[in-house]
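Heads up: the structure comes next, in structure tokens.
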Number of protein chains: 2
Amino acid sequence: MNLKDLADLLGLSPTTVSRALNGFPEVAEATRKRVEEAAQLHHYRPNTQAKRLATGRAMAIGHVIPLCSQHEIVNPVFADFIAGAGEVYAREGYDMVLISVPVEDHAQAYRELRAKRNVDGVIVHAPRAGDGRIALLHELGLPFVVHGRASGVDLPYAYVDVNNARAFERATNFLLDLGHRRIALLNGVEGMDFALRRQRGFARAFAARGLEPDPSLMIAGEMTEAQGHDAACDMLRRADPPTAFITASLLSAVGVRRGLWELGLRMGRDVSILTHDDELGYFRNGAEEPIFTATRASVREAGRRCASLLLDMIATPDMATDMAPATQLMEAVLVLGASTGPAPDRSVPPMTTAQGLPL
Amino acid sequence: MNLKDLADLLGLSPTTVSRALNGFPEVAEATRKRVEEAAQLHHYRPNTQAKRLATGRAMAIGHVIPLCSQHEIVNPVFADFIAGAGEVYAREGYDMVLISVPVEDHAQAYRELRAKRNVDGVIVHAPRAGDGRIALLHELGLPFVVHGRASGVDLPYAYVDVNNARAFERATNFLLDLGHRRIALLNGVEGMDFALRRQRGFARAFAARGLEPDPSLMIAGEMTEAQGHDAACDMLRRADPPTAFITASLLSAVGVRRGLWELGLRMGRDVSILTHDDELGYFRNGAEEPIFTATRASVREAGRRCASLLLDMIATPDMATDMAPATQLMEAVLVLGASTGPAPDRSVPPMTTAQGLPL
DNA sequence: CGCCGCATTCAAAGCGGTTTGAATTGGATC
DNA sequence: GATCCAATTCAAACCGCTTTGAATGCGGCG
């Protein structure tokens, strides 16, 4: 059942039927009603491909996903983001097209996407400092929104980001206020922009008090449970162990906790843990009451906002050229859990306390 | 730059250019070469929508995802499956279209997908016993592959599944052999086919020895860390606690382990844990050596196989009608970790052992 | 009564490819 | 030299929708 069939059936021209179904004003109300009923009755749906070709709009948004050793899509943070974006697409009648491409072929992938015209816009995931994709997409004229930012890129671009620097500065201050001085930072992969900003916030809090973080307590890597566990075990066995950990993900925090358990240390007493919490659907930080003290910002909400923003940009193409692109900075909230507490005595003035007891 | 432009540029007809680029034999080699070079030079890519309309193939596979309170896509198992399928699609030039729809609207979603013709086939996720989607897709004539099976559906259909019953039967036997009798089963959501089969395997192992599992030790639910933790805490505090847990997911197993730690019990000594392991990219069961004893089957591989199977079906449409649909049953391997050990004495003949010491 | 304007409706031309059936060419055959 | 055939190439139709510009019908007005 296609448009022509339906038109023949109704004794109307395809033009009129098309207009009736698409809400054009020049169709008589009686006709529109008749057409709509017939369409309903015969389960008529316009052919997507034909519609797309005729209108020149793909009605689809592309997500190009790094296909590295550690496929990005299996990253739960990514999955939650996609879930949020998907809600918006579904509501607006857009399709979400996921494309896994080795990270070195991304430029080519974007070019093809553009030339083949099978998406109306793309979301840029996991930007790095100085990320080249932004310039490329500018050049291609393909509408895009970046999830995060790219330090060092001075082109204007639309983005939705969490104020990572501020979140981690506050987190660090919170621990410094509790008397912690040896604070470990388990960060995301080096070069990722969000990791960079978090590190900056971390360092800024120290600097504001004339202190300096210990570089040997700062590591970067994939934010997995294993990362947290291994780092915790390693660092806590050192002569001068940290009294607190800041982790970039709940998964890492859980790993640190496992490390503590194995070493017989109590979380929140002997060692504090403060984590960033993306509010993942499948890995929550407790139910009502948080388990871990955390900087909290919903990545799913970020997904929703990125998608909305992009669809807005697509709907009003002139906006893109006229004014500066829209940007959104989400503030993380600091929620208190049971994983943090005052620094244990031994660490206040290191090597000065009388009782040199092991924990 | 479209086909016509390119043809004009070359002084050829669109017909010849199209054929040259699509590898038809009736084009002179010299011409083909000339055309290919020009296409390369001018970055010509055929317009996706036009191609799809002309060929009647959408070159896209749909994944309709339940959008419940717990959005399925954020389930890491699902994400890994998608990653595997995505590899295959990328290789074959197919797009992957993710569509989030409230579970009660799935039927409508499939109908629309079919009528609008924007996918060539679909993957059915998370089948339930007696799942109605299979009959619907049959009726719609939309090619599909089920990830898993649907007990009680007697229509033929293509599927890729893990032999869940056998895997869990072996797992249960393994624990029974170690002397465990009070074994808890932390299963997936009730009604899910895979959960049903796992329960059947579990029960079968007991039955084969003339034993019966305790229903109060069998729970069903979302397979999260919290599920495992809460169930473990609850059950282990009872008068007659289990000596071993079988969990349907690594996440649940990790939750059980947390419960053990909190109660001061040693994993593999006081209480054994055996889990199913989907080999998730972001949540691994140890590195070289497994932490948990587990029935292991890669869900990512299942994704690859589902995708391949579906693309095969689409490539040879007659196959679908002629013979029985292809099916694949993957066997899980049982890998040994440090989370299992002999049942502690107290449980061999319950209430008979002399020393009634608390653990 | 003729003309105008408004409300509807329609025929036809795209959108950018693929595919059918016919036309052209050049060399081999008789 | 005419005929035939295989190898190439092309014009035109088609996929199913949107959209432009023109046509139609009809009541109101001068």
Side-chain angles (χ1 to χ4, degrees), chain A residues 1-36 38-39 42-60 93 95 112-120 315 317, chain B residues 1-36 38-39 42-60 93 95 112-120 315 317:
Chain A
M1 172 64 57
N2 58 22
L3 186 64
K4 189 165 174 311
D5 294 343
L6 188 63
D8 289 352
L9 216 77
L10 284 160
L12 289 169
S13 74
T15 309
T16 305
V17 176
S18 169
R19 290 189 159 151
L21 294 173
N22 288 312
F24 281 67
E26 61 264 54
V27 177
E29 262 327 300
T31 310
R32 186 192 308 281
K33 192 147 199 168
R34 205 158 63 86
V35 171
E36 274 170 354
H42 296 91
H43 303 110
Y44 168 74
R45 302 279 159 190
N47 178 303
T48 310
Q49 322 304 342
K51 190 164 193 159
R52 289 176 176 180
L53 176 58
T55 59
R57 311 204 306 145
M59 292 305 285
D95 281 349
E112 296 226 341
L113 232 40
R114 165 72 215 198
K116 290 165 44 180
R117 300 194 173 283
N118 55 355
V119 299
D120 293 323
Chain B
M1 172 63 57
N2 57 22
L3 186 65
K4 190 166 174 307
D5 294 344
L6 189 63
D8 289 352
L9 216 78
L10 285 160
L12 289 169
S13 73
T15 309
T16 305
V17 177
S18 170
R19 290 189 158 152
L21 294 174
N22 289 311
F24 281 66
E26 61 265 55
V27 177
E29 262 326 301
T31 310
R32 185 192 309 281
K33 192 148 200 167
R34 207 157 63 87
V35 171
E36 274 169 353
H42 296 90
H43 303 108
Y44 168 75
R45 301 281 158 188
N47 178 303
T48 311
Q49 322 304 343
K51 190 163 193 159
R52 289 176 176 180
L53 176 57
T55 58
R57 311 205 305 143
M59 293 303 285
D95 281 349
E112 295 227 342
L113 233 39
R114 167 69 215 199
K116 289 165 47 180
R117 305 205 121 80
N118 54 356
V119 300
D120 294 323

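We name chains A, B, ... by the order of the sequence lines, and we start the count at 1 in each one.
Between B/Glu26 atom CD and C/dT19 atom C1' there is a gap of 10 Å when expressed in whole angstrom units. Separating the CZ atom of A/Phe24 from the P atom of D/dC17 is a distance of 15 Å, rounded to the nearest angstrom. Atom CG of B/Asn22 is separated from atom C1' of C/dG17 by 9 Å (rounded to the nearest Å). Atom NZ in A/Lys33 sits about 16 Å away from atom P in C/dT8, given to the nearest Å. Whole-Å rounding puts the A/Asp5 CG to D/dG16 P distance at 9 Å. As rounded to whole Å, 14 Å separates atom P of D/dC17 from atom CZ of A/Arg52. For B/Leu10 and D/dT8, the CG to P distance is 17 Å, given to the nearest whole Å. Atom CZ of B/Arg34 is separated from atom C1' of D/dT8 by 13 Å (rounded to the nearest Å).
The pair B/Glu36-B/Lys33 does not count as a salt bridge, with every side-chain nitrogen at least 4.0 angstrom from each carboxylate oxygen.
Side-chain N/O atoms of B/Ser18 include none lying less than 4.0 angstrom from OP1 or OP2 on C/dG17. The side chain of B/Lys51 places an N or O atom within less than 4.0 Å of a non-bridging phosphate oxygen (OP1 or OP2) of C/dT18. A sub-4.0 Å separation between OP1 or OP2 of C/dG16 and a side-chain N or O of B/Tyr44 is absent.
Across B/Leu21 and B/Ala39, no two heavy atoms sit closer than the pair CD2-CB, 4.0 Å. When all heavy atoms of A/Gln49 and B/Ala58 are compared, the pair lying nearest together is NE2-CB, 3.5 Å.
Judged as a side-chain contact (heavy atoms from CB on, under 4.5 Å), and not counting sequence neighbours, the contacts of B/Arg45 are A/Gln108, A/Glu112, A/Ala115, A/Lys116. Checked against side-chain contact (heavy atoms from CB on, under 4.5 Å), A/Thr31 has the following partners two or more places apart in sequence or in another chain: A/Leu12, A/Thr16, A/Val27, A/Ala28, A/Val35.
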Each nucleotide in nucleotides 10-15 of chain C should get exactly one letter: B, S or -. Can you fill that in based on protein heavy atoms under 4.0 Å? BBB-BB
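Contact annotation: the side chain of A/Asn118 never approaches that of B/Met59 to less than 4.5 Å [non-hydrogen atoms, C-beta and beyond]. For the pair B/Tyr44/B/Val17, no side-chain contact is recorded, criterion being any heavy-atom separation below 4.5 Å from C-beta on.
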